Amino acid sequence: MTRIGIIIGSTRPGRNGAAVAQWVYDIAKQRTDVEFELVDLLDYKLPHLDEVYPPSMGQYQQPHTLEWARKIASFDGFVMVTPEYNHSTSGALKNAIDFLYSEWNNKAVGFVSYGSVGGARAVEHLRLISAELQLADVRSQVALSLFTDFENFSVFKPNDFQRDSLNATLDQVVAWSQALAPLRAQ
């Protein structure tokens with residue numbers, strides 16, 4: 001069965017990402033054609049990139065990298081839940097992505113972002129990063145506004161139309177993950 005990881009891309013205390021990712025997961029798990037799993041960066045305790053060799057060489061030496069690599073390798077695609085910090089994604093998510101290379105290759109990725117302008121600029125940066133990692137980013141995305149999808153900027157209350165955006169994103173991530181399976185099998 002196709003497996004999709006929903007990555008919580010923030011580790012900040014008081015983060016909104018956990019609630020957003022739980023919403024994604026609750027909707028996603030209603031599907032019967034795919035298995036979804038929440039992946040919280042807080043559970044992996046990744047320091048700033050501390051591997052001697054570039055990730056593209058696949059010569060990981062640190063136990064935390066090996067654990068992270070096993071988790072990411074177990075998925076066929078991803079939904080990354082990202083905040084927008086300073087017109088980009090979080091440093092924690094970027095660092096976690098940078099630890100690995102081949103584990104990301106030939107998989108699909110979709111984005112659920114949040115911020116003052118829906119996290120759109122964070123996703124634009126993630127799309128550039130995805131291309132380098134041979135991740136196929138899907139067109140559809142969910143852009144949540146801190147002004148309209150959160151109460152007092154912290155209590156997540158998404159507008160009803162956001163569910164349609166999420167389902168479109170999930171449909172595309174699943175379809176692309178399945179379409180890329182032959183490339184992953186090589």
Side-chain angles (χ1 to χ4, degrees), residues 1-12 15 17-18 20-21 24-25 28 34-114 119 121-139 141-142 169-170 172-186:
M1 180 173 284
T2 302
R3 289 179 33 83
I4 306 296
I6 300 167
I7 300 174
I8 305 172
S10 174
T11 58
R12 183 181 59 81
R15 64 191 174 161
V20 174
V24 171
Y25 179 72
V34 183
E35 181 182 324
F36 291 91
E37 181 180 331
L38 279 174
V39 179
D40 193 339
L41 294 182
L42 279 175
D43 295 336
Y44 290 88
K45 309 295 183 215
L46 297 169
H48 278 96
L49 185 57
D50 63 347
E51 288 289 340
V52 174
Y53 299 105
S56 60
M57 295 180 73
Q59 296 179 17
Y60 309 135
Q61 297 179 354
Q62 302 293 342
H64 52 261
T65 309
L66 294 168
E67 179 185 11
W68 180 235
R70 280 190 297 275
K71 178 52 69 180
I72 295 305
S74 74
F75 295 111
D76 302 298
F78 307 94
V79 174
M80 293 186 184
V81 176
T82 182
E84 182 172 308
Y85 296 153
N86 300 314
H87 289 215
S88 191
T89 192
S90 72
L93 181 56
K94 176 67 166 82
N95 185 59
I97 291 169
D98 287 347
F99 262 92
L100 308 176
Y101 180 71
S102 64
E103 293 79 5
W104 299 113
N105 295 173
N106 299 316
K107 297 178 181 181
V109 64
F111 303 104
V112 175
S113 58
Y114 56 95
R121 297 169 294 205
V123 170
E124 289 306 310
H125 286 177
L126 286 168
R127 289 184 190 283
L128 292 171
I129 295 162
S130 296
E132 179 59 25
L133 295 172
Q134 299 180 60
L135 272 165
D137 62 305
V138 302
R139 182 179 184 275
Q141 72 184 63
V142 180
T169 301
L170 293 173
Q172 291 177 12
V173 168
V174 169
W176 279 80
S177 294
Q178 292 170 341
L180 291 167
L183 292 176
R184 289 191 302 277
Q186 293 179 1

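Computed from a predicted structure; not experimentally measured.
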For Phe99 together with Trp68, are the ring centres under 6.0 Å from each other?
no
Quick one: pull up [atom1] in [X] and [atom2] in [Y] and give me the separation to the nearest 0.5 Å.
X	Y	atom1	atom2	value
Arg70	Ile72	CZ	CD1	12.5 Å
Glu67	Gln62	CD	CD	13.0 Å
Ser130	Phe111	OG	CZ	3.5 Å
Thr2	Leu180	OG1	CG	11.0 Å
Gln61	Asp50	CD	CG	10.0 Å
Asn95	Tyr44	CG	OH	15.0 Å

Any side-chain heavy-atom pair of [X] and [Y] under 4.5 Å:
X	Y	answer
Leu135	Asn105	no
Lys45	His64	no
Ile4	Val79	yes
Ile129	Ile97	yes

Quiz question: by atom type and distance under 3.5 Å, do the side chains of [X] and [Y] form a donor-acceptor pair?
X	Y	value
Glu132	Tyr101	no
Arg3	Ser74	yes
Gln141	Thr169	no
Thr89	His125	no
Tyr114	Thr82	no

Hey, mind stepping through Val39 and Ile6 against side-chain contact (heavy atoms from CB on, under 4.5 Å) and telling me if it holds?
CA-CA 6 Å; Val39 179; Ile6 300 167; over 6 Å; no
Is the backbone N or O of [Y] less than 3.5 Å from a side-chain atom of [X], with the two atoms forming a donor-acceptor pair by type?
X	Y	result
Asp98	Leu49	no
Arg121	Ser88	no
Arg127	Val138	yes
Glu51	Thr65	no

What are the two closest non-hydrogen atoms of [X] and [Y], and how far apart are they?
X	Y	value
Pro83	Ser90	CG-CB, 4.0 Å
Gly5	Phe75	N-CD2, 3.3 Å
Ile7	Phe78	CD1-CD2, 3.9 Å
Leu93	Gly9	CB-O, 3.6 Å
Ala18	Ile8	N-CG2, 4.0 Å
Leu41	Ala96	CD2-CB, 3.7 Å

Between Lys107 and Asp76, is the closest basic N to carboxylate O distance under 4.0 Å?
no
Just checking Trp104: does its CH2 atom have more than 12 heavy atoms from other residues, nucleotides or ligands closer to it than 6.0 angstrom?
yes
Report the C-alpha distance between Glu103 and Tyr60 in whole Å, list the side-chain angles of each, state the deciding distance to 0.1 Å, and finish with yes or no for side chain to side chain donor-acceptor pair (under 3.5 Å).
CA-CA 12 Å; Glu103 293 79 5; Tyr60 309 135; 2.6 Å; yes
